[in-house]
Amino acid sequence: RPQPSRFLIASPVVRVDTSQVRVVMESIQRSIEVHAPVEEVYSRWTHVEDFPLFMMSLRQVRREGERRFYWRAERDGLPYEAVEEISLMIPNQRIAWRNVSGSENSGVVSFDSLAPDVTRLTLDLAYVPDSGWHEPFALADRIERTLDAFRDLVEPSVMEELVSHN
């Protein structure tokens with residue numbers, strides 16, 4: 001038979017009603033076709049330090065370990081810093097990340113080979129709207145411009161490589 005506890009701890013009990021607390025994440029998905037082999041598209045996307053070449057508001061990306069990156073950007077004219085962590089890498093198929101500081105967000109980039117020289121790149125971004133992110137329509141527009149700029153960066157280099165081999 002268990003003995004009753006002889007210690008009484010006098011401390012206030014705090015009860016939190018979590019039934020009314022909801023963190024709602026919004027999501028945006030955008031795709032683009034890139035006229036390049038999936039290996040080339042995936043390889044270019046993994047060069048995270050080159051992101052400022054096609055992400056207009058991004059000023060600097062610095063590697064802080066094998067799967068962590070420091071980002072410095074401007075968001076609506078204000079400085080923004082964050083640390084992103086890659087949570088999944090499947091070569092030539094998928095990369096997933098999450099923000100470990102800054103605005104709450106996570107995402108997945110998928111690479112689908114549609115033909116030997118055509119890849120569909122799909123970006124899925126989940127974010128908390130009140131955590132410093134833009135309105136959904138403005139953010140969707142920014143993502144589309146970013147994907148267009150990435151395609152413009154990748155496609156000429158593929159064409160230059162093809163021309164140099166002929």
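Along the sequence shown, the residues carry numbers beginning at 1. Small disclaimer: the values here were computed from a predicted structure and weren't measured.
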query: Could you state the interatomic distance from CD (Glu39) to CG (Asn92), rounded to the nearest 0.5 Å?
result: 5.0 Å
field: ILVMFWY cluster, Leu153 and Tyr42 together (side-chain gap under 4.5 Å)
entry: yes
- prompt: Is any side-chain N of the basic residue among Arg67 and Glu85 closer than 4.0 Å to the acidic one's carboxylate O?
  reply: no
field: Residues Arg120, Glu33: salt bridge by 4.0 Å N-O rule
entry: no
message: Less than 6.0 angstrom separating the ring centers of Trp71 and Phe51, yes or no?
response: yes
- request: Run the salt-bridge test on Arg151 and Asp148 with the 4.0 Å N-O cut-off and return the result as yes or no.
  value: yes
Heavy-atom donor-acceptor pair, Thr119 side chain to Ala36 backbone, under 3.5 Å: yes
field: Carboxylate-amine/guanidinium proximity below 4.0 Å for Arg142 and Glu144
entry: no
query: Is the NZ or CZ atom of Arg63 both under 6.0 Å from the centre of the six-membered ring of Phe69 and within 45° of that ring's axis?
result: no
task: Report yes or no: do Tyr70 and Glu81 form a side-chain donor-acceptor pair below 3.5 Å?
output: yes
- prompt: How many angstroms lie between CG in Leu147 and CE in Met55, if you round to the nearest 0.5 Å?
  reply: 8.0 Å
query: Side chains of Arg98 and Ile86: closer than 4.5 Å at any heavy-atom pair?
result: no
field: hydrophobic_cluster_shared for Trp45 and Val118, side chain cutoff 4.5 Å
entry: no
message: Measuring only between side-chain heavy atoms, which start at C-beta, is Arg44 closer than 4.5 Å to Phe54?
response: no
query: Apart from Leu78 itself, what residues make up its hydrophobic cluster when side-chain heavy atoms of I, L, V, M, F, W and Y under 4.5 Å apart count as a link, directly or indirectly?
result: none
query: Are any non-hydrogen side-chain atoms of Phe150 and Ile32 less than 4.5 angstrom apart?
result: no
field: Non-hydrogen side-chain atoms of Asp112 and Val38 separated by less than 4.5 Å
entry: no
message: I want to check something: taking the side chain as every heavy atom from C-beta on, are Tyr127 and Glu26 in contact at a cut-off of under 4.5 Å?
response: yes
- request: Measure the shortest side-chain to side-chain distance between Asn105 and Trp97 over non-hydrogen atoms and say whether it is less than 4.5 angstrom.
  value: yes
message: If I take atom CD from residue Glu66 and atom CE from residue Met89, how far apart are they, to the nearest 0.5 angstrom?
response: 9.0 Å
- prompt: Among the clusters formed by ILVMFWY side chains lying less than 4.5 Å apart, do Leu53 and Leu121 turn up in the same one?
  reply: yes
- request: Give a yes or no on whether the backbone of Pro91 and the side-chain of Arg94 come within a donor-acceptor separation of less than 3.5 Å.
  value: no
query: How long is the gap from CZ on Phe111 to CD1 on Ile90, to the nearest 0.5 Å?
result: 11.0 Å
- request: Establish, from distance only, whether the side-chain atoms of Ser31 and Thr122 form a donor-acceptor pair under 3.5 Å.
  value: yes
Non-hydrogen atoms of Ala96 and Val108 that approach each other most closely: CB-CG2, 3.9 Å
- prompt: Between Asp124 and Gln29, does a side-chain hydrogen bond (donor to acceptor under 3.5 Å, both in side chains) hold up when you go through it step by step?
  reply: CA-CA 4 Å; Asp124 290 294; Gln29 181 185 74; 2.7 Å; yes
- prompt: Is there a path from Met56 to Leu125 through hydrophobic residues (I, L, V, M, F, W, Y) whose side chains come within less than 4.5 Å of each other?
  reply: no
task: With the side chain counted from C-beta on, respond yes when Leu123 and Ile143 share a heavy-atom pair under 4.5 Å apart, and no when they do not.
output: yes
- request: Find out whether Arg72 and Arg62 are in side-chain contact, i.e. whether some heavy atom of one side chain is under 4.5 Å from a heavy atom of the other.
  value: no
